[in-house]
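Take a look at the structure set out below.
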There are 2 protein chains.
Amino acid sequence: MVEKKLDNKFSERLNTSGFRFTPQRQRVYDVLMQKRDHPTADEVFVRAKKQMPEISHATVYNTLDALVKCGLVKQVQLQRGAARFCPNMEEHCHYYCDKCGEVFDVPLNKNSAMMPSPRGFKVDHYDIAVHGLCADCAKKK
Amino acid sequence: MVEKKLDNKFSERLNTSGFRFTPQRQRVYDVLMQKRDHPTADEVFVRAKKQMPEISHATVYNTLDALVKCGLVKQVQLQRGAARFCPNMEEHCHYYCDKCGEVFDVPLNKNSAMMPSPRGFKVDHYDIAVHGLCADCAKKK
DNA sequence: CAAGGACTTTAGAATTATTCTAAATCTTGA
DNA sequence: TCAAGATTTAGAATAATTCTAAAGTCCTTG
């Protein structure tokens with residue numbers, strides 16, 4: 001029971017939040033790390049299936065929730081419809097093109113602390129999106 | 001055709017974006033103004049129905065979209081699931097309690113300009129949410 | 001090793017949120 | 001007044017997510 005501890009960071013992180021390591025969870029996390037384009041749960045499902053054809057829809061949803069709870073992944077809700085997922089845990093904000101749907105991360109300097117703090121509110125995390133047109137779409141318009 | 005122009009700000013704003021004034025749109029907007037608790041489209045529908053029983057679901061959705069396009073209302077996506085709507089067009093951010101779901105606006109000082117600007121990206125608007133626990137829920141925990 | 005328990009996965013059903021469709025109605029300008 | 005275009009409506013359709021029940025896995029204890 002002791003020797004599996006050092007498996008890797010990923011497995012440790014799951015464990016400390018009370019989750020077990022499973023191949024499905026590894027696979028979902030790998031999918032997110034491999035192509036960092038902020039896929040939806042369904043896109044993750046499709047990609048995960050390529051190497052693990054028997055994985056189910058529900059597992060992908062459950063896993064994404066678990067990873068969010070572990071602090072391994074961020075859930076991003078940029079518009080109505082499907083949530084997107086992002087394994088970049090650095091402090092950053094999302095630039096979102098309302099035309100083509102492209103999303104990209106922009107690191108955030110420390111001064112995000114400029115946010116006012118209503119008394120008593122216990123901040124968990126900030127969620128900052130910038131909507132507009134990406135360079136390409138802006139040109140075309 | 002001329003004398004309706006000065007109806008009110010609301011109607012003007014619709015017109016300048018190519019929308020017509022309709023009683024349904026007025027009603028939906030009134031609902032948002034009367035109770036500023038960031039209702040979902042469905043909650044708006046229920047409230048609107050009280051004084052306008054024949055209003056339809058689709059109209060509420062269409063209207064909310066129209067109001068967002070006019071710049072009269074903001075759409076807020078704080079979590080998975082239903083979008084919420086907010087008639088406060090001042091620069092502000094949303095504090096959201098992940099436990100009880102309460103949302104409140106906090107005005108934002110001018111220094112929101114601190115946001116980095118990737119070259120070529122044409123910013124339309126910022127969308128800033130702060131997740132955590134409201135004072136009440138933080139106490140209980 | 002066997003049994004029990006907790007956690008996880010799976011397929012598919014169910015639910016929720018939103019969008020679409022087609023027909024009816026309304027408004028506006030010619 | 002008429003035609004075009006916008007709007008509304010009920011209900012169907014779609015999309016996104018959650019739920020359910022059964023089966024599988026892994027660990028711990030006897």
Side-chain angles (χ1 to χ4, degrees), chain A residues 1-5 7 10-11 13-29 31 38-46 48-49 51-70 73 75-85 101, chain B residues 1-5 7 10-11 13-29 31 38-46 48-49 51-70 73 75-85 101:
Chain A
M1 147 261 189
V2 178
E3 78 279 39
K4 246 194 188 151
K5 274 271 186 57
D7 230 55
F10 177 69
S11 155
R13 192 61 89 91
L14 283 168
N15 288 333
T16 58
S17 300
F19 294 105
R20 292 187 186 154
F21 172 89
T22 69
Q24 288 88 343
R25 286 173 178 166
Q26 180 72 67
R27 179 77 189 114
V28 164
Y29 188 62
V31 163
H38 303 81
T40 63
D42 198 62
E43 285 162 350
V44 173
F45 174 62
V46 170
K49 258 184 119 70
Q51 285 173 57
M52 190 181 264
E54 71 291 0
I55 197 171
S56 79
H57 220 165
T59 297
V60 171
Y61 275 95
N62 290 341
T63 296
L64 289 169
D65 282 350
L67 298 181
V68 168
K69 283 192 190 119
C70 291
V73 162
Q75 177 179 322
V76 191
Q77 191 73 55
L78 290 160
Q79 76 296 81
R80 276 195 250 184
R84 293 151 174 277
F85 296 87
Chain B
M1 145 263 187
V2 178
E3 77 279 38
K4 246 193 190 153
K5 274 270 186 58
D7 230 53
F10 178 69
S11 154
R13 191 62 90 92
L14 284 168
N15 288 333
T16 59
S17 297
F19 294 106
R20 294 187 185 155
F21 171 90
T22 69
Q24 288 88 344
R25 285 172 179 166
Q26 179 72 65
R27 178 79 189 113
V28 165
Y29 189 61
V31 163
H38 305 80
T40 64
D42 198 62
E43 285 162 349
V44 172
F45 174 61
V46 170
K49 257 182 123 66
Q51 285 172 55
M52 190 182 263
E54 71 290 0
I55 198 172
S56 79
H57 220 165
T59 297
V60 170
Y61 275 95
N62 289 342
T63 295
L64 289 168
D65 281 350
L67 297 181
V68 168
K69 283 192 189 118
C70 290
V73 163
Q75 178 179 323
V76 190
Q77 192 73 55
L78 290 160
Q79 76 295 83
R80 275 195 250 183
R84 291 153 174 275
F85 297 87

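Just so it is clear: chains get the letters A, B, ... in the order the sequence lines come, proteins before strands, and each one is counted from 1.
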**Message:** I want to confirm an ordering. Mapping B:Pro23 and B:Ala41 to their closest nucleotides on DNA chain C, which one lands closer to the 5' end?
**Reply:** B:Ala41
**Prompt:** Within this structure, what is the CD-to-P distance between B:Gln75 and C:dT18, rounded to whole angstrom?
**Reply:** 8 Å
**Request:** Look at all strands and tell whether A:Arg20 reaches a base, only sugar-phosphate, or nothing, counting heavy atoms closer than 4.0 Å.
**Result:** base
**Prompt:** Tell me: CZ of A:Phe45 to P of D:dT18, nearest whole Å?
**Reply:** 15 Å
**Prompt:** Taking CG from B:Asp42 and P from C:dT15, how many angstroms apart are they, rounded to a whole number?
**Reply:** 16 Å
**Request:** Please answer whether the main-chain N or O of A:Val76 pairs with a side-chain N or O of A:Arg84 as donor and acceptor at a distance below 3.5 Å.
**Result:** no
**OP1 or OP2 of D:dT8 under 4.0 Å from side-chain N/O of B:Arg25** = yes
**Message:** With rounding to the nearest 0.5 angstrom, report the NE2 to CD distance, B:His38 to B:Glu43.
**Reply:** 12.0 Å
**Asked** Is the phosphate of D:dT9, meaning OP1 or OP2, less than 4.0 Å from a side-chain N or O of B:Thr59?
**Response** yes
**Asked** What is the distance from CZ of B:Phe21 to P of C:dT27, rounded to the nearest Å?
**Response** 11 Å
**Prompt:** If you pin B:Gly18 and B:Pro53 to their nearest nucleotides in DNA chain D, which one's is more 5'?
**Reply:** B:Gly18
**Message:** Looking at A:Tyr61, I'd like to know whether one of its side-chain N or O atoms comes within less than 4.0 Å of OP1 or OP2 on D:dT17.
**Reply:** yes
**Request:** Return yes if some donor-acceptor pair links the side-chain N/O of A:Thr59 with the main-chain N/O of A:Ile55 below 3.5 Å, else return no.
**Result:** no
**Item:** Sidechain-backbone polar pair: A:Gln77 side chain, A:Gly81 backbone, donor-acceptor under 3.5 Å
**Value:** yes
**Prompt:** Which of the following nucleotides, C:dT9, C:dT10, D:dA10, is nearest to the side chain of B:Ala58?
**Reply:** D:dA10
**Side-chain N,O (A:Arg80) to OP1/OP2 (C:dT19) below 4.0 Å** = yes
**Message:** Any base atoms under 4.0 Å from A:Ala82, or only sugar-phosphate, or nothing? Heavy atoms, all strands.
**Reply:** sugar-phosphate
**Interatomic distance, A:Lys49 NZ vs C:dT10 P [rounded to whole Å]** = 9 Å
**Fill in**
Separation of C:dT8 atom P from A:Gln26 atom CD, nearest Å, is 15 Å
**Request:** Give the ring-plane orientation class for B:Phe10 versus B:Tyr29, where under 30° counts as parallel, over 60° as perpendicular and anything between as tilted.
**Result:** parallel
**Interatomic distance, A:Glu54 CD vs C:dG12 C1' [rounded to whole Å]** = 17 Å
**Nearest-Å distance for atom pair NE2/P, residues B:His57 and D:dT14** = 18 Å
**Asked** How would you label the contact of B:Thr22 with the nucleic acid (heavy atoms, under 4.0 Å): base, sugar-phosphate, or nothing?
**Response** sugar-phosphate
